[in-house]
Amino acid sequence: MTQPATTIRKRKHPGRGRGKTRTHPKGRQIDPKVQQELRDLLGDKPRDRDLLIEYLHLIQDSQGYLPSAHLVALAEEMGIPMVEVFEVASFYAHFDIVRDDEARPPALTIRVCDSLTCEMMGARDLLKSLAEKYQGSVRVVPAPCMGRCDSAPVAEVGHNHVSAATVETVDAAITAEHTHPVLPAYRNFEAYCADGGYALLRACLKGTKDVEEVLSTLDDSALRGMGGAGFPTGRKWRFVRAGAKPRYLTVNGDEGEPGTFKDRHYLETDPHRFLEGMLVAAWAVEADRSYVYLRDEYPQIRELLQIELPKLVAAGLAPEGFIELRRGAGAYICGEESAMIESIEGKRGLPRHRPPYVAQVGLFDRPTLVNNVETLFWIRDILEKGPGWFGDHGRNGGKGMRSFSVSGRVARPGVKLAPAGITVRELIDEYCGGMADGHAFKAYLPGGASGGILPASKSDLPLEFGKLEAEGCFVGSHAVVILSDQDNMGDVARNLMRFFEDESCGQCTPCRVGTEKAVALMNNPKWDAGLLDELGRTMADASICGLGQAAANPLFSVLKHFPEEVT
C-alpha cells in the first residue's frame, strides 16, 4: 500500500553502514517559516498551475531574488514537482535563483542594453565604466534589447530606465533612489471616453454592430498582423471564430526583436485605443477570456494597465477577471506565438511543433486568437472611419500604413507612421531628418535582428511584406536600423548572432548548437565563408521555429554584400 508523502520511511542503506535508518524524507526539506511567508505572500490567490511564473515574480519582487527554499515551498504549495519549478525559474533571464550556500546578489542591479543600436551608441564602454565604478557594490550586467532603441544607449537601474545613459546619469538615478518605473504621460480612461472612446465596443456589445460587417471591413482595409508575420487580420479572426468553444484571445506584447519599440510607444501614449481593439476582437471571436502577455522590460506599462483595467470592469465594458495581465520574464523566444502560450500556461517558453496551429489548438488546447499590440491598436479607427482610411495609403505596391521603429544613424529616430511600401531612402529623408551629422548611409536592417542586412545600393526596395524575400531579407515587425560608414558589418553581424545565441531556447540542436558555433567562427579574424554558409543553411532548414531559421540571415547578408569586411 502506498504511504502518504509525509510519512517518514525507515530504510536501511547498504554501503552507508549497516543498521542505519533514514531519519527524514528524501529530497529538499520545506522550511515551515518560509512556507508561512509564502502563504502570506500568495494570500487567497488560486494555486493554479498556469500562475507559476506570476508567483515567481511575486517572490522575487519581495525578496530581491529567488531563494531556493522559497522555490521548494512554492512547489509544495502549488502541488507540482519541484523540478518543474526550478526548470521554469532557470529558463527565464530575469529570475535570479540563489541556493542555500550562495551569497545574495547586491540589492541593486543595473542592466545595460548591449543589443545592436545601443552597442553602436557606446553601450560596451558604458558597461565597462559602470562595472569599474561600482566594483561589486551594485550588480552591473549586460542585457538584451529593452525596446528603447530610439534613445540608445539605455540602462535599467532597478526597474527605472535611463535613456541616453551615461555614467553620470546612471549615478544620479542611484543617488536619487530612482529605481522604480516612471509612469508615462498617457491618455487615461476618462480622457479617452471624452473623445468618443468605447462607443464602438458598446455598439458591438449591444448588437448594433454586425460581426460579419466588422470582419468584411477588416478584410477591405488590408490590415495585417504587425508582429512580424503579416497574416491578414480579418481572415485570422474568422479561423478562430469557426473553432469550437471555449475560445481564448491572447495579446503578444513581448516586443523583444532588437530595433523594435512601436508597441511600447502606443501603449505608453494611448493604451485604451489598444484595449478597445482587444475587446472588439474578443467580442468578434466570442472569446471566453483574454490574456495580455507583456514583456518584463516594460514595467511602467504594466503599472498603468493595472490602474486602467479595473476602470473597464467598473464601466461594464468587461466582466471581472475577463482580462488577465501576464508578465514575461526576459525571454525573446516568447515573442513566438506558441512559446508565448506555453509561458502563459506557466511553463518554459518552448515553441510548439506545428501543425496544429494555435488558431485550432492554442492556449489550454483551445482555439486561440493571437494578435500583436499594434494590430489591435488600429481596430477602432478602421471600423469608425472605414477601410479606406487605412487601406488607401501605400507606395510602390504596398497597401495600408506601417509603424516603423527607426533607430541608428539618423538625425531623428523614433516611431514613424508611414505608407506601406515606402523605401528606406524615403523613410530617412522624409521622416527622420536625414542621416545623423558626420555619417554617410551605408546599410540597413529592414526587419530587426532577423530580417537581414541590405546595402545602401538597395535603398529603393519597398519596405513591405513579400517585397524583400528575393534578397534573403524580410520586413518583419518593421524595425529599421540605419548603419553608416562608421559601422563595421562584421561587428554588426557578430552582435546579432550573439543575441540569437543568448536567446535560443535550447529545444532543438540546430539552433542551440548552431548559434554557439557560429559565434565562435565569427569571432575569428578571418571568416571561413564556406563553413559558415553551410552552418547557416543547416540552421535555416532544420530549426523548429523562426529564431533558428532566421538567425543566419545577417550572416548571409554580410557574406553576400560586404565580404571584404570579414574574409
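- Ring geometry for Trp389 against Trp378 counts as tilted: the plane angle lies between 30° and 60°, on a 0 to 90° scale.
- Aromatic pair Phe377/Phe274: ring centres not closer than 6.0 Å.
- Between Tyr92 and Phe95, the angle of the ring planes goes over 60°, which puts this pair in the perpendicular group of the 30/60° scheme.
- For NE2 of His393, the number of neighbouring non-hydrogen atoms (other residues, nucleotides, ligands) closer than 6.0 Å is greater than 12.
- With Tyr298 as the fixed residue, the side chain to side chain donor-acceptor pair (under 3.5 Å) test singles out one of Glu268, Arg264, His161, Glu255: Glu255.
- Within a 6.0 Å sphere centred on NZ of Lys385, heavy atoms belonging to other residues, nucleotides or ligands number more than 12.
- Donor-acceptor pairing under 3.5 Å is recorded for the side chains of Tyr192 and Arg380.
- Looking at Arg139 and Thr109, their side chains do bring a donor and an acceptor atom within 3.5 Å of each other.
- For Asn252 (side chain) and Gly335 (main-chain N/O), a donor-acceptor pair under 3.5 Å exists by modelled atom type.
- Cation-pi contact between Arg498 and Phe500: absent, since separation from the ring centre below 6.0 Å together with deviation from the ring axis within 45° is not met.
- For the pair Glu464 and His478, the minimum side-chain heavy-atom distance is below 4.5 Å.
- When the shell of 6.0 Å around CZ of Arg512 is examined, it contains more than 12 heavy atoms from other residues, nucleotides or ligands.
- Inspection of the Thr515 and Ser504 side chains reveals no N or O donor paired with an N or O acceptor under 3.5 Å.
- Residues Ser343 and Tyr293 bring a donor and an acceptor atom of their side chains to less than 3.5 Å of each other.
- Side-chain N or O atoms of Asp485 include none that pairs as donor or acceptor with a backbone N or O of Lys442 at under 3.5 Å.
- Here the rule is side-chain contact (heavy atoms from CB on, under 4.5 Å) with Asn372, and of Glu337, Arg224, Met226 only Met226 fits it.
- A 6.0 Å sphere centred on CD of Glu534 holds no more than 12 heavy atoms belonging to other residues, nucleotides or ligands.
- Enclosure of atom NZ in Lys517 is not indicated, since only 12 or fewer non-hydrogen atoms of other residues, nucleotides or ligands lie within 6.0 angstrom.
- Judged purely by atom type and a 3.5 angstrom limit, Thr169 has no side-chain atom pairing as donor or acceptor with the backbone of Ala165.
- Under the side-chain contact (heavy atoms from CB on, under 4.5 Å) test applied with Tyr444, the options Val481, Leu454, Leu483 reduce to a single match, Leu454.
- A cation-pi arrangement, defined by a distance under 6.0 Å to the six-membered ring centre and an angle within 45 degrees of its axis, is present between Arg537 and Phe556.
- Electrostatic pairing of Glu430 and Arg425 does not count as a salt bridge here, judged by no charged N lying under 4.0 Å from a carboxylate O.
- Contacts of Glu501 classified as salt bridge (charged side-chain N to carboxylate O under 4.0 Å, His left out), with partners at least two apart in sequence or in another chain: none.
- You'll find the side chain of Leu369 stays beyond 4.5 Å of the side chain of Phe239, heavy atoms only.
- Using a 4.0 Å cut-off between charged nitrogen and carboxylate oxygen, Asp487 and Arg409 count as a salt-bridge pair.
- Between Tyr332 and Phe499, a ring centre-to-centre spacing shorter than 6.0 Å is recorded.
- Taking a cutoff of 4.0 Å between a charged side-chain nitrogen and a carboxylate oxygen, Asp195 and Arg187 qualify as a salt bridge.
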